[in-house]
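Each ligand, and each atom within it, is numbered from 1 in the order the structure gives. Numbers for residues simply follow the sequence, beginning at 1.
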Amino acid sequence: MEVIQVRSIEEIGQVALREVLAVVKRNSRAVLGLATGSSPIGLYHAMIKDHQKNKTSYANIRTINLDEYVGIESSHSQSYRTFMNEHLFNHIDINPKNIHLPVGNGDDLRLECERYERVLQENNVDLQILGIGSNGHIAFNEPGTSFHSRTHVVTLDERTRQDNARFFNHLDEVPKYAITMGIESILRAKQIVLIAMGKNKAKAVAHMIGGSVSTDCPASVLQLHPNVVVIADEEALSELKVKPSILIDGVKLFKCNG
Ligand code: F6R
């Protein structure tokens with residue numbers, strides 16, 4: 001696991017963009033696994049700017065999102081479909097046919113999970129972008145989720161609902177359920193880039209990097225993946241016990257075991 005400490009959301013965007021561009025330039029038909037929430041916004045902003053300035057094309061890129069709320073329409077202002085359209089898809093040349101998100105408002109969620117798992121089997125993710133919950137979740141795999149899980153419906157942790165209430169008018173409006181990619185599905189990605197910002201992530205980040213591999217902190221499973229880059233700010237890394245090993249242009253690089 002490689003940990004890169006950056007100073008701002010812009011720097012997070014730039015460092016993460018480098019990883020995305022390396023994949024997209026190597027393979028114009030690559031599969032990107034994408035996340036929603038505050039963490040990847042700097043990256044999506046950087047991708048849009050780069051697309052406008054340098055004409056990087058996403059015409060044949062396929063994208064697969066991690067999760068979607070259950071019980072709200074895809075067109076709802078806080079659905080993850082709407083988030084992705086507003087923060088990325090509407091601003092790049094991606095083909096809508098190549099965009100995949102779970103559908104959270106259908107009649108049969110079990111069938112939807114099976115359909116989504118097939119999408120994942122048919123499109124091997126080259127680069128997966130992740131955030132981390134303050135409780136250590138990745139995607140919506142809350143503490144206690146099996147490391148062998150595939151796409152499934154989850155009951156959101158009360159802490160996750162409270163964390164996400166900032167996007168809604170009231171806590172009561174935050175959905176109670178979601179469809180999420182499972183942990184086994186996430187680990188199949190060839191490379192993983194996890195972005196973390198802010199003090200409220202510090203405990204989860206410290207466990208993910210230096211704690212025991214345990215379902216108590218789902219993100220700790222990333223210690224078992226051979227190609228993970230964590231891009232985080234100082235606050236998110238404030239509880240980390242290891243010291244940086246390299247310093248380049250003020251950017252700290254931590255090399256960790258696992
Ligand atoms: C979002 C997702 C979640 C978030 C996590 C962090 O698609 O799967 O795991 O990445 O809750 O959210 P933010 O970035 O808003 O702090």
Side-chain angles (χ1 to χ4, degrees), residues 6 8-9 12-13 16 32-45 63-70 72 74 76 78-89 99-104 113 116 120 125 127-145 149-168 171 174-187 189 192-205 207-208 215 217-222 228-233 235-237:
V6 292
S8 62
I9 186 162
I12 286 186
L32 298 180
L34 300 178
T36 55
S38 315
S39 307
I41 286 181
L43 166 63
Y44 298 155
H45 189 68
T63 63
I64 306 195
N65 262 80
L66 288 170
D67 38 25
E68 178 60 283
Y69 287 124
V70 163
I72 58 175
S74 304
H76 188 283
Q78 295 309 326
S79 78
Y80 284 170
R81 164 75 67 171
T82 301
F83 176 99
M84 289 309 300
N85 287 342
E86 287 178 355
H87 289 279
L88 184 65
F89 297 147
I99 294 172
H100 302 280
L101 277 102
V103 177
C113 291
Y116 209 63
L120 281 160
V125 173
L127 173 61
Q128 177 67 57
I129 304 297
L130 292 179
I132 180 171
S134 61
N135 62 0
H137 73 211
I138 45 174
F140 275 139
N141 295 289
E142 302 286 26
T145 307
S149 53
R150 297 196 171 182
T151 305
H152 60 290
V153 176
V154 291
T155 303
L156 295 173
D157 225 55
E158 235 2 76
R159 185 152 168 203
T160 300
R161 292 187 65 243
Q162 277 162 16
D163 283 348
N164 289 2
R166 67 191 193 279
F167 299 114
F168 293 81
L171 179 64
V174 183
K176 294 191 165 62
Y177 306 98
I179 294 186
T180 183
M181 235 189 239
I183 293 179
E184 188 178 302
S185 324
I186 292 172
L187 291 178
I192 293 176
V193 169
L194 184 142
I195 299 170
M197 287 183 303
K199 188 85 187 137
N200 71 328
K201 302 293 174 70
K203 279 207 159 44
V205 168
H207 189 155
M208 166 179 74
T215 57
C217 175
S220 64
V221 77
L222 300 179
V228 177
V229 179
V230 176
I231 305 171
D233 65 9
E235 289 192 328
L237 294 173

shortest atom 8 (O) of ligand 1-to-protein heavy-atom contact is with D67 OD2, 2.5 Å
Can you tell me if Y116 uses its side chain to pair, donor with acceptor, with the backbone of H100 under 3.5 Å? yes
If you take the nearest heavy atom of each of A236, G131, A219, A139, which one is closest to atom 3 (C) of ligand 1? A139
Given that the side chain starts at C-beta and the backbone is N, CA, C, O, which of these parts of I132 lies under 4.0 Å from ligand 1, counting heavy atoms, or is it both or neither? backbone
Any idea which protein heavy atom is nearest atom 14 (O) of ligand 1, and the distance to it? S39 OG, 2.5 Å
Work out whether the distance between some heavy atom of R166 and some atom of ligand 1 is less than 4.0 Å. yes
Ignoring hydrogens and geometry, is there a side-chain-to-backbone donor-acceptor pair from E68 to V103 under 3.5 Å? no
Please work out, at 4.0 Å between heavy atoms, whether the side chain, the backbone, both, or neither of T36 comes within that distance of ligand 1. both
Closest approach of A196 to A236 (non-hydrogen atoms, all atoms of both residues): O-CB, 3.7 Å
T151 and S185 have their tightest heavy-atom pair at N-OG, 3.9 Å
Of L130, L120, V125, the residue whose pairing with I186 passes side chain to side chain contact (heavy atoms under 4.5 Å, CB included): L130
Tell me whether Y177 at atom OH has more than 12 heavy atoms from other residues, nucleotides or ligands lying less than 6.0 Å away. no
For P175 and F168, which heavy atoms make the closest approach, and how far apart are they? CD-CZ, 3.6 Å
I need the atoms of ligand 1 closer than 4.0 Å to a non-hydrogen atom of L66, numbered in the order shown. 8 (O)
Numbered in order shown, the ligand 1 atoms found under 4.0 Å of a heavy atom of S38 are 13 (P), 14 (O), 15 (O)
Which residue and non-hydrogen atom of the protein lie closest to atom 11 (O) of ligand 1, and at what distance in Å? H137 NE2, 2.7 Å
One finds that the ligand 1 atoms under 4.0 Å from a non-hydrogen atom of K201 are 6 (C), 13 (P), 16 (O)
Tell me if the NE2 atom of H87 is crowded by more than 12 foreign heavy atoms within 6.0 Å. yes
May I ask you to check if ligand 1 and N164 share an N or O to N or O distance below 3.5 Å? no
Heavy-atom contact under 4.0 Å between M197 and ligand 1? no
